[in-house]
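Working notes, beginning with the structure itself.
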Amino acid sequence: MKVATWNVNSLPVRLPQVLEWIAQRNPDILCLQETKVINDRFPQEEFLKAGFHTLFHGQPTYNGVAIVSRIPLSEPRFGFPGWDDSECRLIAASAHNLRIINVYVPNGQELGSAKYQYKLDWLSHLSQLLKEEREDHPRVILTGDFNIAPEDRDAWDPALAGQIFLSPEERTALNEMMDGHFDDAFRLFHPENGHYSWWDYRQGMFRRNMGLRIDLILTSQTLRPVLKDAGIDRHIRKNERPSDHAPVWVDLS
DNA sequence: ATGGCTGTCAAAGACAGA
């Protein structure tokens with residue numbers, strides 16, 4: 001059983017590539033970010049034809065998250081309880097015995113900015129929500145675009161450490177969320193340097209493999225015995241008119 | 001030092017992304 005995440009940077013533009021990738025990789029659950037499509041225009045039918053249920057949370061122009069799944073989805077959640085975040089960045093649902101939480105963490109722009117503060121506040125709300133979700137659900141998969149490179153080995157240039165996406169505050173927020181509860185599934189299988197999930201469109205960054213690993217699949221430690229494999233489908237970034245992110249997946253028995 | 005690309009909305013270029 002495969003669970004995957006992909007920031008598609010516009011689902012209307014990327015839908016053909018998403019359907020093609022689904023046919024190749026055959027995920028059971030796919031979490032999408034930056035769908036950039038309102039709910040009325042979500043391409044439900046196309047996913048239904050491919051055998052997937054859909055759950056989506058979108059707004060005009062920006063953000064937007066969705067879960068598409070071969071397994072029926074129940075107990076949906078859209079956004080945070082008790083906090084009216086105006087941006088569509090969190091969607092969750094249960095599938096079999098798994099609790100899937102799909103996030104599009106704010107970018108943060110630059111250290112000290114209002115957007116950076118929003119990112120830290122957002123992570124704080126996520127941490128709080130996660131405690132509740134973990135109490136209710138023993139097997140959680142928290143996945144999505146975190147806009148945080150967890151460690152120095154997750155960045156093409158170690159000199160980026162301390163800057164946005166790699167700052168101590170962002171990493172502390174992520175570590176505190178994970179500590180003792182979650183594994184970074186990809187790293188259990190691939191500990192070495194040079195693996196990224198995002199490359200800037202500009203300056204041939206992909207060609208030069210200058211990227212960041214910011215798209216993560218965090219699995220409850222209770223799932224560790226059933227984790228079989230994990231990967232990043234880097235080749236998808238070579239597509240014509242690609243997303244700037246590649247799909248990331250984990251395989252569980 | 002700056003901008004380098006891509007997408008949206010809308011019909012040029014501002015805004016956002018990472």
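Chain letters run A, B, ... following the sequence lines, proteins first, then strands; residues in each count from 1. If you're wondering where the values come from, they're calculated on a predicted model, not measured in any experiment.
One atom, CG of Asp215(A), and another, P of dG17(B), lie 15 Å apart when rounded to the nearest Å. What separates CZ of Phe146(A) from P of dG17(B) is a distance of 17 Å, to the nearest Å.
DNA chain B lies under 4.0 Å from at least one heavy atom of each of the following residues of residues 157-171 of chain A: Phe165(A).
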Please table the atom pairs, donor to acceptor, closer than 3.5 Å between any side-chain atom in residues 39-62 of chain A and protein atoms at least two apart or in another chain.
unit_1: Asn39(A); atom_1: OD1; unit_2: Gly58(A); atom_2: N; d: 2.9
unit_1: Gln59(A); atom_1: OE1; unit_2: Asn63(A); atom_2: ND2; d: 3.4
unit_1: Gln59(A); atom_1: OE1; unit_2: Cys88(A); atom_2: N; d: 2.7

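Comparing the P positions of dA10(B) and dA1(B) gives a spacing of 38 Å, expressed to the nearest Å. For the C1' atom pair drawn from dG7(B) and dA12(B), the interatomic distance equals 15 Å after rounding to whole Å.
For the residue pair Glu176(A)/Ser127(A), the side-chain donor-acceptor check at 3.5 Å is not satisfied.
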Please list, for nucleotides 11-13 of chain B, all pairs of protein and nucleotide N/O atoms separated by less than 3.5 Å.
none

* **Footprint string (nucleotides 1-10 of chain B, 5' to 3'): B base within contact, S backbone only, - free, heavy atoms under 4.0 Å** => --BBBSSSS-
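Considering Asp251(A), Asp233(A), Asp229(A) as possible partners of Arg25(A), the one that fulfils the salt bridge (Lys or Arg N to Asp or Glu O under 4.0 Å) test is Asp233(A).
Every residue was checked against the ring-ring contact (aromatic ring centres under 6.0 Å, His included) condition with Trp249(A), not counting sequence neighbours, and none meets it.
Asn7(A) comes within contact range of the sugar-phosphate backbone alone, with a heavy-atom separation under 4.0 Å but no base atom that close.
Trp6(A) and Trp21(A) have their aromatic ring centers within a separation under 6.0 angstrom.
For Arg213(A) and Tyr196(A), the positive end is not near the middle of the six-membered ring at less than 6.0 Å and at most 45° from its axis.
For residues 209-231 of chain A, there are no ring pair (Phe, Tyr, Trp, His ring centres under 6.0 Å) pairs, not counting sequence neighbours.
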